[in-house]
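Down below is the structure, laid out as structure tokens.
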Amino acid sequence: MQTAASRILLTGGSGFIGSHLTRHLLASRPQPQIVNLDLLTYCGNLSNLEDCSWQPNYRFVKGDICDEALLDQLFLDHEFDTVIHLAAESHVDRSIVNPLEFVRTNVLGTASLLQAARNHWKSSYAGKCFYHVSTDEVFGTLSDGQEAFKETTPYSPRSPYAASKAASDHLVRSFQESFGLPTKVSNCSNNYGPNQFPEKLIPLCINNILTQKPIPVYGRGDNIRDWLYVDDHVTAIDLILHRGRVGETYNIGGKCELRNIDLVRQLCQAMDQELGRPPAFSEGLIRFVEDRQGHDYRYAVDCSKVCLELQWQPSVSFAQGLRRTVQWYLENRKWVEEITSGAYQTYYERQYSLKLAGPGQIKGSAS
Ligand code: NAD
Ligand code: DAU
């Protein structure tokens with residue numbers, strides 16, 4: 001079924017994947033109206049969408065997906081036909097330190113959004129779509145040689161992050177089954193690219209290599225992840241949103257399994273070349289450190305369904321994507337410096353006071 005997606009509530013648009021997706025959709029034809037609802041937690045950064053902030057079809061709202069009154073007001077004001085839900089706590093290490101924050105945002109937040117969509121759409125679900133962006137981590141961990149995750153693989157989450165995302169996926173499907181809410185879900189592997197918060201493996205390593213700090217590799221570095229350049233994830237979401245079947249789940253993956261240690265060595269080489277350092281200079285910074293608790297060994301995604309049904313393919317090779325990512329971080333050092341210094345968190349106040357009287361329509365929450 002084709003989805004028009006003309007009035008979109010997009011959550012988490014100031015984060016890593018959400019900002020790339022918002023920019024992509026804003027440039028599409030016919031142009032949709034997009035409201036980006038984002039709480040600007042530690043990983044939300046308004047500067048990620050600075051170039052889009054003045055577009056007449058874009059509006060930023062600072063607010064919490066758990067705030068039912070705000071959601072109600074937004075649905076009333078904007079008459080959304082589409083929700084694309086990305087807002088989440090997304091870092092596994094943080095979920096081990098603070099699981100409850102993940103339950104609140106990822107489980108309660110998703111339930112609140114589903115409930116708002118149901119309340120406002122129940123008179124007619126025609127032309128409506130609730131698209132939930134999820135992760136391959138819900139499927140658990142694989143051993144060497146074990147078959148890649150399929151859409152039918154039973155869920156077996158092993159970290160509080162993965163468990164909270166699994167719960168959110170179940171809630172989405174339960175609203176489809178119980179109330180007929182038209183939903184779509186995709187489960188994607190590890191993304192990388194510009195604007196990724198520097199707590200995740202690739203941007204953390206880039207920053208440490210640049211500043212010649214130790215590169216922490218968990219355990220022996222033999223864990224395996226499947227890597228996808230963020231723009232390829234965005235094109236898959238676009239295809240599924242507009243042409244995917246309602247009620248279906250699609251796995252998205254990069255067809256690019258790498259051991260962490262091999263990835264880190266490749267990154268060291270790419271950085272040494274870019275920085276004109278001697279070969280193998282940065283590999284000397286690698287340190288094997290205490291392993292992550294419950295560290296999933298291997299993820300691999302069978303994405304043949306989206307490839308066959310919607311003719312999607314990852315288009316950026318890992319070597320190309322890594323080069324682009326490294327170059328972006330080197331050309332945008334200020335972006336990381338503002339995170340390190342905390343300056344990025346004052347961006348909202350600066351933008352808000354500057355633009356209050358202008359046409360940019362940056363709004364505060366309902367409170
Ligand atoms: P991110 O951490 O970079 O961004 C998350 C965004 O959500 C931030 O802008 C944050 O401010 C916002 N947010 C957090 N709590 C909120 C709340 N209560 N209300 C409103 N906004 C809130 O995350 P990301 O890496 O861009 O991931 C986006 C989505 O994609 C997540 O749902 C994640 O589970 C999923 N995903 C990520 C990857 C990956 O490799 N990064 C892979 C597969 C799926
Ligand atoms: O698989 C999709 C998931 O990928 C997304 O759902 C998550 O939101 C995203 O954060 C990512 O989860 P990972 O835990 O795989 O990503 P992270 O970058 O934290 O770690 C990647 C691998 O690198 C993992 O095996 C742990 C290891 N690692 C990570 C860090 C931060 C290290 O060895 N050292 C580190 O400092």
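Each ligand, and each atom within it, is numbered from 1 in the order the structure gives. Worth knowing before you read on, the calculation uses all heavy atoms, side chains too, and leaves out hydrogens, waters and symmetry mates. Just so you know, these numbers come straight off a predicted model, no measurement behind them.
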Discussion item. Give me the nearest non-hydrogen protein atom to atom 24 (C) of ligand 2 as residue plus atom name, then the distance to 0.1 Å.
Written reply: H295 NE2, 3.5 Å
Worksheet entry | Basic-acidic side-chain contact under 4.0 Å: R104, E89 | no
Worksheet item: So, is the end of the K305 side chain (NZ or CZ) under 6.0 Å from the ring centre of Y250 and within 45° of the ring's axis?
Response: yes
Discussion item. Under a 4.0 angstrom heavy-atom cut-off, which atoms of ligand 2 come close to Y161?
Written reply: 5 (C), 6 (O), 7 (C), 8 (O)
Worksheet item: Do the numbers put R7 on top of the ring of F80, so that NZ or CZ is under 6.0 Å from the six-membered ring centre and no more than 45° off the axis?
Response: no
Worksheet item: Which of the atoms in ligand 2, numbered in the order shown and given with their element, are less than 4.0 Å from a heavy-atom of P216?
Response: 32 (C), 33 (O), 34 (N), 35 (C), 36 (O)
Worksheet item: At a 4.0 Å threshold, what atoms of ligand 2 neighbour a non-hydrogen atom of K200?
Response: 10 (O), 18 (O)
Worksheet item: Quick one: which ligand 2 atoms are inside 4.0 Å of a heavy atom on V217?
Response: 33 (O)
Fill in: atom 19 (O) of ligand 2: nearest protein contact (heavy atom, Å)
R292 NH2, 2.9 Å
Worksheet item: Is it true that K165 lies under 4.0 Å from ligand 2, counting heavy atoms only?
Response: no
Practice prompt. Determine, considering heavy atoms only, which of G15, G253, S90, A162 sits nearest to atom 10 (O) of ligand 2.
Written response: S90
Item to complete: Run the salt-bridge test on D38 and K62 with the 4.0 Å N-O cut-off and return the result as yes or no.
Response: no
Discussion item. For a 4.5 angstrom cut-off between non-hydrogen side-chain atoms, does L26 reach R23?
Written reply: no
Worksheet item: Which ligand 2 atoms, with their elements, are less than 4.0 angstrom from a heavy-atom of E199?
Response: 31 (C)
Worksheet entry | atom 27 (C) of ligand 2 - nearest protein heavy atom and its distance | N260 ND2, 3.4 Å
Worksheet, complete the sentence: Value for CD1 (I84) from OG1 (T82), rounded to nearest 0.5 Å, stands at 6.5 Å
Fill in: Qualifying residues under ring-ring contact (aromatic ring centres under 6.0 Å, His included), relative to Y299, sequence neighbours excluded
none
Worksheet entry | Considering all heavy atoms, the nearest N106-S164 contact | ND2-OG, 3.0 Å
Worksheet, complete the sentence: Q273 meets the side chain to side chain contact (heavy atoms under 4.5 Å, CB included) criterion, sequence neighbours left out, with R323
Worksheet item: Of the backbone atoms (N, CA, C, O) and the side-chain heavy atoms from C-beta on, which set of S189 has a member under 4.0 Å from an atom of ligand 2: side chain, backbone, both, or neither?
Response: backbone
Worksheet, complete the sentence: the protein heavy atom lying closest to atom 18 (O) of ligand 2 turns out to be L201 N, 2.8 Å
Fill in: F149 vs S189 side-chain heavy atoms within contact, under 4.5 Å
no
Worksheet item: Is any side-chain N of the basic residue among R173 and E177 closer than 4.0 Å to the acidic one's carboxylate O?
Response: no
Worksheet entry | Top protein contact for atom 35 (C) of ligand 2, by heavy-atom distance | Y218 CZ, 3.4 Å
Worksheet item: atom 3 (C) of ligand 2: which protein heavy atom is closest, and how many Å away?
Response: E137 OE2, 3.0 Å
Practice prompt. Report yes if the side chains of E101 and R94 come closer than 4.5 Å at any heavy-atom pair, otherwise no.
Written response: no
Worksheet entry | Salt bridge flag under 4.0 Å for residues E147 and K150 | yes
Discussion item. I'd like to know whether H91 forms a ring pair (Phe, Tyr, Trp, His ring centres under 6.0 Å) with F197, so could you lay out the CA-CA distance, the side-chain angles of the two residues, the decisive distance to 0.1 Å, and finally the verdict.
Written reply: CA-CA 10 Å; H91 190 41; F197 198 80; 8.7 Å; no
Practice prompt. Kindly tell me which protein residues have any non-hydrogen atom under 4.0 angstrom away from an atom of ligand 1, grouped by chain and ordered by number?
Written response: G12, S14, G15, F16, I17, D38, L39, L40, T41, C43, G44, G63, D64, I65, L86, A87, A88, S90, T105, V133, S134, T135, Y161, K165, C188, S189, N190, N191
Worksheet item: Any idea which atoms of ligand 2 are less than 4.0 Å away from a heavy-atom of T135?
Response: 1 (O), 2 (C), 3 (C), 5 (C), 6 (O)
Worksheet item: If you look only at pairs with a residue in residues 154-169, which of them pass as a salt bridge (Lys or Arg N to Asp or Glu O under 4.0 Å), with sequence neighbours excluded?
Response: R158-D296
Response to the item:
A student checking ligand 2 against H91 at a 4.0 Å heavy-atom cut-off should list atoms 19 (O)
Worksheet item: For ligand 2, which atoms have a heavy atom of D136 less than 4.0 angstrom away?
Response: 1 (O), 2 (C)
Worksheet item: Which bit of N190 is near ligand 2, meaning a heavy atom under 4.0 Å away: side chain, backbone, both or neither?
Response: both
